[in-house]
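Input: a single structure, listed below in structure tokens.
Indexing begins at 1, ligand by ligand and atom by atom, following the structure's order. Here the structure is a predicted model, which is why all the values come from computation and not from measurement.
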Amino acid sequence: MNKAERFLAACRRQPVDRTPVWMMRQAGRYLPEYRAIRARHGFLEMCRTPELAVEVTLQPLRRFDLDAAIVFADILLPLPAMGLDLAFEKGDGPAIRNPVRTAADVDRLRPVDPTEAIPYVLEALRTVRRELDGKAALIGFAGAPFTLASYIIEGGASRHYEHTKAMMVADPAAWHRLAEKLADVCAEVLGAQIAAGAQAVQLFDSWVGCLSRADYAEFVRPHVERVFARLDTSAAHIHFANGASHMLAEVRAAGGDVIAVDWRLGLDEAWSIVGHDRAVQGNLDPVLLLAPQDRLEERIADVLRRAGGRDGHIFNLGHGVLPMTTPENVGFAVERVHALSRRTAVADAGDAT
Ligand code: CP3
């Protein structure tokens, strides 16, 4: 079975010859070849130039035996088309210079046509899909309504999400209108990415873990359900809610063929809450990639042991690769996942055909 087949079979909870593996932020600053391009180009410029985005998407696949590629882009790229002024300031991360704070601000936000808003992402997907040619699966992505709203309302990264939570409480109607608009953006963007060749799409709810379970159920879940309900089922749907161990049953109910989990619960416990009728993705703590290789291997083996050889596990980190990680340890981890998870029966069956 080729790598794309291995990854997609695991998304569908079908047997695989070994556990497929990819890593969130597998393209990025920990790779010297990424830094070499980044030294000459701005981050947004890289995203908006398909030749550069394609090159950076493929960099980790040239080094490592990864089963999937994730297109090099960002969850915030569709925002300018809504009327938001997005910038990446050196060292400070993303900024929205005209944040949304009132109902009138929400009403001013425009719907997004992905072919106009992010044509360069769609072009990068088409090119990468052609170049991969089954050698790895291709993943597209979008930010989930809550995570996008947190950037739009706070104006950038946040510690306490005070303006976002304040809008939910003080003006729930405005919050729901905003989240609905963002759910439409997610569905449009992911739909266009699937049409451009993405074989799986991941919805990133990176900061939703700051909410209580009750607030998630009331203010977030209906909007995430709306995204997944609108997506073409020819692609696999991956739902990543970071820091959400306290509400995994709600996250599962919101949708996704694959529930991606962080490292805060053991994979066995997380999977039993999610339910074995869904696939899971995860969940090595990214900090373990900074540890000595014998410790790293022990923890990889522990994640695989907790997955229990059950169909429907995709190995990943609980969050993104940290910039100080060495490429050597990423390569070691990918090789160990495949070696430690080899299934003789499926491998032999595959070899025989
Ligand atoms: O390899 C991949 O995973 C694909 C590329 C990818 C990027 N951003 C590239 C990037 C993906 C999937 C994202 C998603 C993204 N972007 C998320 C969700 C994932 C997560 O980490 O939870 C979020 C919250 C963002 C918003 C964002 N973009 C932030 C907060 C930052 C600054 C923080 C940082 O890491 O510097 C970015 C910039 C960014 N996006 C970089 C990369 C490689 C670093 C840019 C640089 O080179 O300076």
Is it true that R12 and D311 make a salt bridge, defined as a side-chain N closer than 4.0 Å to a carboxylate O? no
Hey, is D184 close enough to K181 for a salt bridge, meaning N to O under 4.0 Å? no
Does the side-chain hydrogen bond (donor to acceptor under 3.5 Å, both in side chains) test come out yes or no for T147 and D205, once each step is laid out? CA-CA 5 Å; T147 292; D205 220 342; 2.6 Å; yes
Out of [options], whose heavy atom sits nearest [atom]?
atom	options	answer
atom 4 (C) of ligand 1	I70, L44, I75	I70
atom 40 (N) of ligand 1	L203, D74, V56	D74
atom 29 (C) of ligand 1	P286, G93, P94	P94
atom 44 (C) of ligand 1	Q202, R29, R35, M24	R29
atom 37 (C) of ligand 1	F88, F240, W22	F88

[atom]: nearest protein contact (heavy atom, Å):
atom	result
atom 19 (C) of ligand 1	F204 CD2, 3.4 Å
atom 41 (C) of ligand 1	F43 CE1, 3.7 Å
atom 30 (C) of ligand 1	Y151 OH, 3.2 Å
atom 5 (C) of ligand 1	A73 O, 3.7 Å
atom 13 (C) of ligand 1	R25 NE, 3.7 Å
atom 11 (C) of ligand 1	F141 CZ, 3.5 Å
atom 43 (C) of ligand 1	Y34 OH, 3.5 Å
atom 1 (O) of ligand 1	A27 N, 3.0 Å

Using side-chain heavy atoms (C-beta onward) and a distance below 4.5 Å, is [X] in contact with [Y]?
X	Y	result
P145	C186	yes
R221	E225	yes
T19	I314	no
F72	V121	no

Please list, in number order, the atoms of ligand 1 under 4.0 Å from a heavy atom of [X].
X	result
H319	20 (C), 21 (O), 22 (O)
R38	46 (C), 47 (O), 48 (O)
S206	18 (C), 19 (C), 20 (C), 22 (O)

Greater than 12 external heavy atoms within 6.0 Å of R310's CZ: yes
Honestly, for V71 the part within reach of ligand 1 (heavy atoms, under 4.0 Å) is backbone
Under the 4.0 Å line, does any protein heavy atom show up next to atom 7 (C) of ligand 1? yes
When R62 is tested against each of E131, E33, E55 for salt bridge (Lys or Arg N to Asp or Glu O under 4.0 Å), which residue passes? E55
Centre of W271's six-membered ring, under 6.0 Å away, within 45 degrees of the axis: is that where NZ or CZ of R306 sits? no
Looking at R6, H338, R343, which one forms a side-chain hydrogen bond (donor to acceptor under 3.5 Å, both in side chains) with D17? R6
